[in-house]
Amino acid sequence: GVESMSRAPMFSNTQGKDAYGERIEQRYPGGLIPQGISAEIIAARWKFDRTALDEFAALSHQRAAAAAADGAFAREIVPVALPDGGVFATDETVRASTTVEGLSGLSPAFSGHPAGARFSEIEWSITAGNSSPLTDGASATLIMSEAAANRLGLRPRARREGLVDLVGVDVVDRQATAFEHPASGRDDAHEVNEAFAPVPLAWAHDLAADPERLNPRGGAIALGHPLGASGGRLLATMLNYLEDTGGRYGLQTMCEGGGMANATVIERL
């Protein structure tokens, strides 16, 4: 997957036109809810205040910075040679100096959106600091059958144990969440994409997940969320973490377009 959000911003493909048409308005009175507003609704309904969101965001940066300093990302980053002879091999968005106090000074990103009149519970807690930044990136994963790996003489690093694709929940009408994936206490790591801080927090709350196993090397709030490349990045980070720590099972989940999501469970070999 490849994504250059700096050169092709979100929604630039619509060129200012209506991307949905009148049938969407007929089916969903009031229109579809943007992801940022959905994050605000989740924060309000799961009762995550601004401090809780900023604490999670700061932790993401702290974990990612520590992992980078330890060389934990070295095996999953492809160095890029620069014209001046240097080498680009470090994620730029990780800020080791991030603090809750610093994040608290940022203004809400969606305050004043018309959805505020529709959802009175919104407290406007989502900021640039507790959301994933706009980033460029690319990722690749080699997946094949066991027979193909044997034929090619390749040693598999993991096997896919389970896959749940295209699961969704209407956050407008429900307070119970469909973030439930085939996770269990046996999983050694959970990679839940940090598009917005309330998402992994709600997932962990509803599954009573161990916070120490949730994005143990930081997540998209620190590392970035280049949309088309994020799935491969999550998988690489999780598998390397399992190999480095001796863990066996890992679960990753992330959003898809249109309010859907997927989950994958792998077993390290």
Side-chain angles (χ1 to χ4, degrees), residues 1-17 19 34-36 38-39 53 56-98 102-103 106-107 109-110 126-143 191-200 215-241 252-262 264:
V2 180
E3 195 80 45
S4 181
M5 301 180 79
S6 65
R7 302 177 68 182
M10 291 181 67
F11 311 118
S12 59
N13 60 313
T14 66
Q15 300 183 45
K17 305 298 183 180
Q35 286 191 338
S38 293
L53 302 183
F56 184 83
L59 179 62
S60 182
H61 281 281
Q62 292 163 10
R63 286 178 168 178
D70 290 341
F73 296 130
R75 287 190 295 145
E76 63 195 70
I77 293 181
V78 179
V80 177
L82 301 176
D84 62 3
V87 176
F88 182 63
T90 304
D91 287 310
E92 293 180 296
T93 52
V94 180
R95 300 186 300 276
S97 61
T98 300
L103 293 174
L106 297 176
S107 300
F110 305 103
I126 303 298
T127 72
N130 54 43
S131 308
S132 56
L134 297 178
T135 45
D136 300 337
S139 67
T141 303
L142 183 61
I143 301 174
E191 286 290 334
V192 181
N193 194 45
E194 296 174 1
F196 300 94
V199 176
N215 303 346
R217 288 181 170 170
I221 288 174
L223 296 167
H225 178 18
L227 308 182
S230 289
R233 201 285 300 169
L234 288 168
L235 183 60
T237 299
M238 182 169 68
L239 178 54
N240 284 329
Y241 176 80
Q252 80 168 68
T253 181
M254 67 172 297
C255 60
E256 298 173 0
M260 308 305 288
N262 64 78
T264 302

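Numbering of residues begins at 1 and proceeds along the displayed sequence. Note that these values count all heavy atoms, side chains included, but never hydrogens, waters or copies made by symmetry. The shown structure was predicted, so the numbers you read here are calculated from the model rather than taken from an experiment.
- Across all non-hydrogen atoms, the minimal contact from Met254 to Ser230 is CE-CB, 3.7 Å.
- A side chain to side chain donor-acceptor pair (under 3.5 Å) with Thr237 holds for exactly one of Gln252, Arg217, Glu76; it is Glu76.
- Annotation for Ala229 and Gly1: closest pair CB-O, 3.5 Å, computed over non-hydrogen atoms.
- Closest of all the heavy-atom pairs between Gly129 and Ile221 is O-CG2, 3.6 Å.
- With a 4.5 Å cut-off on side-chain heavy atoms, Asp136 and Met5 count as touching.
- Here the CG atom belonging to Leu227 is positioned 11.0 Å from the OG atom belonging to Ser4, to the nearest 0.5 angstrom.
- Leu53 is listed as a side-chain neighbour of Pro198, based on a closest heavy-atom distance under 4.5 Å.
- In this structure, Asp84 contributes its side chain and Gly86 its backbone to a donor-acceptor pair below 3.5 Å.
- With hydrogens and angles disregarded, a donor-acceptor distance shorter than 3.5 Å links the side chain of Asn130 to the backbone of Thr127.
- Side chains of Thr98 and Gln62 form no contact here, defined as non-hydrogen atoms less than 4.5 Å apart.
- Taking all atoms of both residues into account, the shortest heavy-atom contact from Ser139 to Gly232 is OG-CA, 3.5 Å.
- Within the 4.5 Å cutoff, no side-chain heavy atoms of Thr90 are placed close to those of Ile77.
- Between Ala220 and Arg233, the shortest heavy-atom distance links the atoms N-NH2, 4.0 Å.
- Looking only at side-chain heavy atoms (C-beta outward), Glu191 and Asn215 come within less than 4.5 Å of each other.
- Side-chain contact between Thr93 and Thr135 is present, with heavy atoms from C-beta onward closer than 4.5 Å.
- Put simply, the side chain of Leu234 reaches to within 4.5 Å of the side chain of Asn193, judged on heavy atoms.
- In this structure, CG in Leu223 is found 12.0 Å from CZ in Arg63, a value given to the nearest 0.5 Å.
- Taking each heavy atom of Ser131 and Phe196 in turn, the nearest pair found is OG-CD2, 3.3 Å.
- For the 3.5 Å distance criterion, the side chains of Glu194 and Ser60 qualify, holding a donor opposite an acceptor.
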